[in-house]
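Here is the structure we will look at, set down as structure tokens.
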Amino acid sequence: MKKLTRFVSVLLSALMVASMFTALNFTAFAADSKLTIRANSNIFPTQTQEFDADTNQITVTWWMQVSDANMVNTQCVITYDSSKLAVDMTDGVNSTIQDGKRVDRILRVTDGVGTVTNYAPQQTYLDLHENNPSGKFLDGESDNDASIKVNSVNLEGRELTESNGKVPFVSVTFNPKDGAQGVTNVNLYVEIMQIRGESEEEEHYFIARSEIADNKVSYMPETPSAVYAGTFDDYSVQAGDVFTVAGTANFLGTEWEAKPTVNVMTKGSDGIYKITVKNVKAVSGAVYEVKVVEFKNGDTENPIWHGVPGTGNNVDFGLKSDCDVTVTYNPSTGEIKVTGTGVTDPSYKIDYVAVVGNGKDVPSFVNGKNWDPTAAANKMTASSNVYEITYKNVAANKDLEFKFAANGAWALNWGNGSAVTPGTAMDAYDGGENIKFNYKSSKSTFDLTLKLDLTNWDADKKTGAKFTRQQQLPQLQLPLPRHPPQRHPPQRHRQPSP
């Protein structure tokens, strides 16, 4: 997430409740197994969202828009029910590690800089609002037993608006606890916020003692709240932006074709983009893949690829029968859903792995096959979950490129665009960039051994694969030495004496 280098103050606005990214929701759940999040605030409208039982990440975000003013300081409290929700402490979600220290980023307007964040899971709601003597509390807050308090002071101030008209104020990502059902409340109290106008020399309180102190301040963006899946995202869509889908040929007919005029999605009144692909053929065991491609203001030179939030992975699915397949995309949350009467979970069964590379450029490599995942000559030998192949007499001093692909298709492939260290096991990323290297040698050829280790491969997370590249000069076949015939002197035998 980008760092917010803006002056801060007065923020908040819309909460966004979101579900962990189970990018594909294929299973219907009974209504009584739902978890409903109700996000409340003392200065923002309530937002309610219902989630399926398998949701494991829910994000609540408040946004704010205050033009021509900077935030000098603020203090806020977020309360929640610890029997149903736990703060996601995974690195990169609510906090990051910088220079060996954790930086809490729940106060998004500061991105954690100059901010004190206090997690007080044993503190009850009655202890929280020392700046609210009127004793007013939010809906359902009496059920909340856990809290997070944040405060920040920056005398230079922090900006409260951007080019897109709003800034994120507070955002928290939770993990629902196993079996959590019913309605639970996440409440945000803004207790203090002091701001300074660009033309003013003195600061004044916009929020004091948990109440709006200056009613002249406009702080509500056009959409103060939103519901989305995944972790925090401050993304915004502008007029003229075009969204399309690209993916595997077994789904769309063409292989990862990204053009602003092909497979264009339509925006609905709810802001969700949608496209339906008619009569997609089901192939047993096949994995179908898709991503959403964004062209900012129709810019064809710099497409933005959207996959699974947090990882960027392709969104995978399977088909149990031919059907129309619908893809939807929520730009506020990054959530991509794939639905259809025949849509099912993808199968990652690996029958075989092959090396795929630039055989056209270097015919002595990959048996001269050019980026062909079906080439039987490049199938690797499998031993448990380790795959290996050796190519003899590959031309040295050539630019070689390759990837590993499973089952004769591109749906499951591994690469790594980083510099490769010979003999060292390196990460093989799902859908990663081509692996490139040039073996410099005074000799004209060398032998190349490639290995792919899938022992720790996690098909759901698409992590854990390792690859190794080893090379050596081919062994010279020397002729056997020729030896001159040996000459043996005549043996002299001694006769025994009579």
Side-chain angles (χ1 to χ4, degrees), residues 1-18 39 41-45 47 59-78 93-96 103-117 148 150-173 186 188-200 203-207 212-214 216-228 230-238 241 271 296 331-334:
M1 268 170 243
K2 66 180 183 181
K3 265 204 162 171
L4 306 172
T5 55
R6 23 184 117 105
F7 297 139
V8 192
S9 208
V10 176
L11 343 151
L12 274 137
S13 208
L15 352 131
M16 305 169 160
V17 202
S41 170
N42 62 326
I43 65 171
F44 291 106
Q47 175 74 20
T59 298
V60 180
T61 303
W62 287 263
W63 299 79
M64 180 166 280
Q65 179 181 1
V66 182
S67 302
D68 303 321
N70 296 330
M71 183 181 79
V72 178
N73 68 61
T74 191
Q75 179 171 295
C76 309
V77 176
I78 305 103
V93 179
N94 290 306
S95 62
T96 56
V103 176
D104 294 292
R105 304 170 69 189
I106 287 173
L107 189 59
R108 287 285 166 177
V109 71
T110 68
D111 206 33
V113 178
T115 301
V116 176
T117 303
I148 307 166
V150 293
N151 60 71
S152 176
V153 176
N154 186 322
L155 297 181
E156 293 182 355
R158 297 182 185 272
E159 292 179 357
L160 296 174
T161 187
E162 281 189 320
S163 58
N164 64 3
K166 61 181 181 180
V167 296
F169 180 54
V170 170
S171 179
V172 189
T173 298
V186 177
L188 170 67
Y189 250 101
V190 185
E191 298 182 323
I192 298 172
M193 186 174 292
Q194 194 172 7
I195 63 175
R196 178 178 59 228
E198 292 183 354
S199 60
E200 299 177 17
E203 299 86 19
H204 71 284
Y205 283 97
F206 163 58
I207 302 171
I212 300 286
D214 186 350
K216 294 180 294 183
V217 174
S218 174
Y219 65 93
M220 202 86 72
E222 181 179 352
T223 305
S225 61
V227 176
Y228 61 99
T231 55
F232 168 77
D233 189 350
D234 63 355
Y235 176 78
S236 62
V237 177
Q238 304 296 327
D241 295 349
K296 278 289 187 186
S332 296
T333 67

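This is a predicted model, so every value here is computed, not measured. The first residue of the sequence shown is numbered 1, and numbering continues consecutively from there. We use all heavy atoms of the structure for the numbers below, so side chains are in, but hydrogens, waters and symmetry mates are not.
- To the nearest 0.5 Å, atom CG of residue N70 and atom CZ of residue R196 are 6.0 Å apart.
- Rounded to the nearest 0.5 Å, atoms CG (N151) and CD (Q75) are 5.0 Å apart.
- Judged by distance alone, the side chain of D104 and the main-chain N or O of I106 form no donor-acceptor pair under 3.5 Å.
- Judged by distance alone, the side chain of Y189 and the main-chain N or O of I43 form no donor-acceptor pair under 3.5 Å.
- The side-chain contact (heavy atoms from CB on, under 4.5 Å) with I148 is formed by just one residue from the set L107, I78, V77; it is I78.
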_Criterion side-chain contact (heavy atoms from CB on, under 4.5 Å) on F206 and Q194, from CA distance to verdict_ = CA-CA 6 Å; F206 163 58; Q194 194 172 7; over 6 Å; no
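- Inter-residue side-chain proximity for L188 and C76 is flagged as met; some heavy-atom pair is nearer than 4.5 Å.
- For the pair N94 (side chain) and V172 (backbone), a donor-acceptor distance under 3.5 Å is absent.
- Side chains of S152 and T74: no donor on one and acceptor on the other come within 3.5 Å.
- A donor-acceptor distance shorter than 3.5 angstrom exists from the side chain of N42 to the backbone of V190, with no hydrogens or angles considered.
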*Might you work through the side-chain contact (heavy atoms from CB on, under 4.5 Å) test for I192 and N73, ending with a clear yes or no?*
CA-CA 8 Å; I192 298 172; N73 68 61; 3.5 Å; yes
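- Two residues are said to be in side-chain contact when any heavy atoms from C-beta on lie closer than 4.5 Å; P45 and M220 meet this criterion.
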*asked:* With side-chain contact (heavy atoms from CB on, under 4.5 Å) as the criterion, how do V150 and V116 come out once you've worked through the C-alpha distance, each side chain's angles and the decisive distance to 0.1 Å?
replied: CA-CA 6 Å; V150 293; V116 176; over 6 Å; no
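- Considering all non-hydrogen atoms of both residues, S41 and W62 come closest at CB-NE1, 3.4 Å.
- One distance of note links OH of Y219 with CD1 of I195; it measures 12.0 Å at 0.5 Å rounding.
- Separation of atoms CG (D214) and NE2 (H204) is listed at 4.0 Å; rounding is to 0.5 Å.
- Here the rule is side-chain contact (heavy atoms from CB on, under 4.5 Å) with R105, and of V93, D111, T110 only D111 fits it.
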